[in-house]
Undergrad: 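Here it is: the structure, laid out below.
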Protein chains: 2
Amino acid sequence: MTKNDARGGVALWRRIADEIRLDIIGGKVSSGEQLPTEAALAQRFAANRHTVRRAFAVLAEEGVVRAEQGRGTFVNSARRLSYRIGRRTRFSEGLAGQVQDMHGELLSTRLENANASVARGLGLRPGTRVTRLERLSHADGRPLSRGTSWFPYQRFPDIAAVFGRTGSLTQAFAELGITDYSRASTRISARYGTPDEIRDIGLVPGSVMLVTEIVDVDADDRPIQYALTRFPADRLELVV
Amino acid sequence: MTKNDARGGVALWRRIADEIRLDIIGGKVSSGEQLPTEAALAQRFAANRHTVRRAFAVLAEEGVVRAEQGRGTFVNSARRLSYRIGRRTRFSEGLAGQVQDMHGELLSTRLENANASVARGLGLRPGTRVTRLERLSHADGRPLSRGTSWFPYQRFPDIAAVFGRTGSLTQAFAELGITDYSRASTRISARYGTPDEIRDIGLVPGSVMLVTEIVDVDADDRPIQYALTRFPADRLELVV
DNA sequence: TCGATTTGTCTAATTTAGTAGACAACTAGT
DNA sequence: ACTAGTTGTCTACTAAATTAGACAAATCGA
């Protein structure tokens with residue numbers, strides 16, 4: 001129990017990679033700029049040069065940096081997306097102007113009984129039938145979010161089919177008679193990605209995820225959607 | 001490069017600990033309830049029993065679980081705090097009813113020149129003099145947040161002294177003639193804790209932090225505070 | 001062309017993480 | 001008292017992470 005706790009179960013190369021990536025994403029070092037040399041970083045992190053090299057290998061594979069023999073290592077990539085959230089912001093609007101192409105993918109649908117969280121979110125009794133949708137969204141070809149939504153089955157028995165056809169939640173609601181809805185609550189938390197999320201979004205284990213837990217209501221303040229959406233924290237921030 | 005990427009630089013015992021902690025914090029298992037046995041968890045995570053034991057050792061040290069020889073391992077701790085944020089919510093109000101005791105601590109103050117981020121937040125030119133405050137807040141005796149605030153020096157030359165005396169930002173502003181202010185913007189991101197934060201808040205390396213970047217404005221919409229506040233993501237969630 | 005600087009590659013050794021098995025100590029119910 | 005089930009402790013081994021050193025290969029300016 002000496003160095004175990006000091007490392008906290010996170011490999012040094014991983015922490016070095018995270019810190020450098022954060023400097024890049026946060027704009028501390030600009031695109032194209034040269035990073036400190038491997039030797040300098042080894043000293044800064046009190047690590048061996050090979051450990052720094054391993055961190056760089058990961059960042060290079062992610063496309064964040066690019067090493068050139070004899071010259072140095074350079075920043076390759078852009079900044080983090082800002083996703084604007086508000087009472088009336090629709091999903092794709094929140095990233096307007098930051099991405100070229102944005103599209104969603106319906107992974108699966110299921111009819112199930114509401115657990116305690118879902119029931120509370122939708123204002124139903126636990127056990128009530130709900131439709132569950134698993135979604136994956138892409139921005140400029142890269143997976144950006146992994147969402148799970150629940151809808152009251154009694155009120156929207158066909159929402160899975162309609163959403164699957166239209167691909168848009170706003171449009172699906174419109175066809176089902178909901179012309180207007182808004183965000184009733186947003187809870188934001190952060191945690192490590194689960195193995196499933198890592199697979200779906202294409203991350204490495206231990207990636208940090210931003211999680212939003214939202215409830216949408218219709219014009220009469222009746223809940224119509226409860227959703228959990230997970231974003232990779234190094235690709236996106238939320239703006240309230 | 002075979003199992004390296006599979007583990008992602010995060011030790012298995014660490015991921016097991018994180019997942020169990022998340023189940024507890026998220027309310028999947030209730031306080032006092034018995035957790036699955038070490039053998040069962042070893043099977044569930046495809047790990048050795050000793051690896052599970054190590055995860056439990058960490059959680060026990062955090063006070064989240066408690067093992068009893070011959071009986072089993074039991075949940076010890078409560079749920080995650082919900083910090084409500086809004087245009088007019090003051091810091092301590094956001095946790096009303098969830099904590100008994102709440103107090104802040106002023107770590108240090110400094111006069112410095114605004115960097116690009118601070119200048120943008122406060123609507124100043126980079127290089128303008130600003131006062132920087134480093135703060136640490138406690139809830140029920142445990143560190144809960146680590147904040148860094150910047151204030152325009154020209155407008156509030158004495159804010160460090162006043163805040164140090166009163167301990168409350170609202171009160172400090174009041175004494176300096178700002179009787180009303182509100183939140184202009186809130187950006188939320190997540191990342192690993194830095195070594196400094198881990199030391200100040202008392203976490204293990206690799207802990208996930210929620211980061212809020214806020215701008216407060218006076219009644220005339222002039223920025224009066226730019227602040228970065230870091231919360232340990234396993235102790236707190238944000239509610240918008 | 002030369003030399004200083006930097007990344008790339010290789011070998012080797014040590015420390016930490018994870019697996020495997022055995023058995024002791026304790027609890028609860030029969 | 002006994003037994004089944006659970007956590008606690010110990011030893012031994014394998015795999016991954018980290019350190020260490022040496023040298024090759026490329027770049028750049030003097």
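Protein chains get the first letters and strands the later ones, always in sequence-line order, with residue 1 at the start of each.
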Undergrad: Under the 3.5 Å rule, do the base of C:dG8 and the side chain of A:R49 count as making a donor-acceptor pair?
TA: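 It does, because a donor-acceptor pair links the side chain of A:R49 to the base of C:dG8 below 3.5 Å.
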Undergrad: Rounded to whole Å, please give me the gap between CH2 in A:W13 and P in C:dT16.
TA: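 A:W13 atom CH2 is separated from C:dT16 atom P by 18 Å.
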Undergrad: In whole angstrom, give the distance that lies between atom CG of B:N48 and atom P of D:dA15.
TA: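 B:N48 atom CG is separated from D:dA15 atom P by 15 Å.
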Undergrad: Output yes when B:E38 and B:R49 qualify as a salt bridge under the 4.0 Å nitrogen-oxygen rule, no when they do not.
TA: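 Counted as a salt bridge, because a side-chain N and a carboxylate O are separated by less than 4.0 Å.
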Undergrad: What's the CD-C1' distance between A:Q69 and D:dA24, to the nearest Å?
TA: 8 Å
Undergrad: More 5' along DNA chain D: A:G70 or B:R71, using each one's nearest nucleotide?
TA: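 Here B:R71 is the residue nearer the 5' end.
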Undergrad: Whole angstrom is fine here: how far is it from CZ in B:F56 over to C1' in D:dT9?
TA: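 These atoms are roughly 17 Å apart.
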Undergrad: Where does the angle between the aromatic ring planes of A:Y226 and A:W150 fall among parallel (under 30°), tilted (30 to 60°) and perpendicular (over 60°)?
TA: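 Because their plane-to-plane angle lies in the 30° to 60° range, the rings of A:Y226 and A:W150 count as tilted.
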Undergrad: Whole-Å distance between C:dT16 P and B:L12 CG?
TA: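 That distance rounds to 19 Å.
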Undergrad: From CG of A:L41 over to C1' of C:dT5, roughly how many Å is that when rounded to an integer?
TA: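 To the nearest whole Å, that distance equals 15 Å.
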Undergrad: I need the CZ-P distance between A:R53 and C:dT9, as an integer number of Å.
TA: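 Value for this atom pair: 7 Å.
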Undergrad: With a 4.0 Å cut-off, would you call A:R187 and B:E237 a salt bridge?
TA: yes
Undergrad: Between D:dA20 atom C1' and A:E38 atom CD, what is the distance in whole Å?
TA: 15 Å
Undergrad: 5'-most contact on DNA chain C: A:T73 or A:H50, nearest heavy atom basis?
TA: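 Counting from the 5' end, the first nearest nucleotide belongs to A:T73.
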Undergrad: Under 4.0 Å between a side-chain N or O of B:T37 and OP1 or OP2 of D:dG5?
TA: no
Undergrad: If you draw a 6.0 Å radius around CD in B:Q34, do more than 12 non-hydrogen atoms from other residues or ligands fall strictly inside?
TA: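 Counting other residues, nucleotides and ligands, CD of B:Q34 exceeds 12 neighbours.
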Undergrad: Under 4.0 Å between any heavy atoms, over every strand shown, what does B:A39 touch: base, sugar-phosphate, or nothing? Just pick one.
TA: nothing
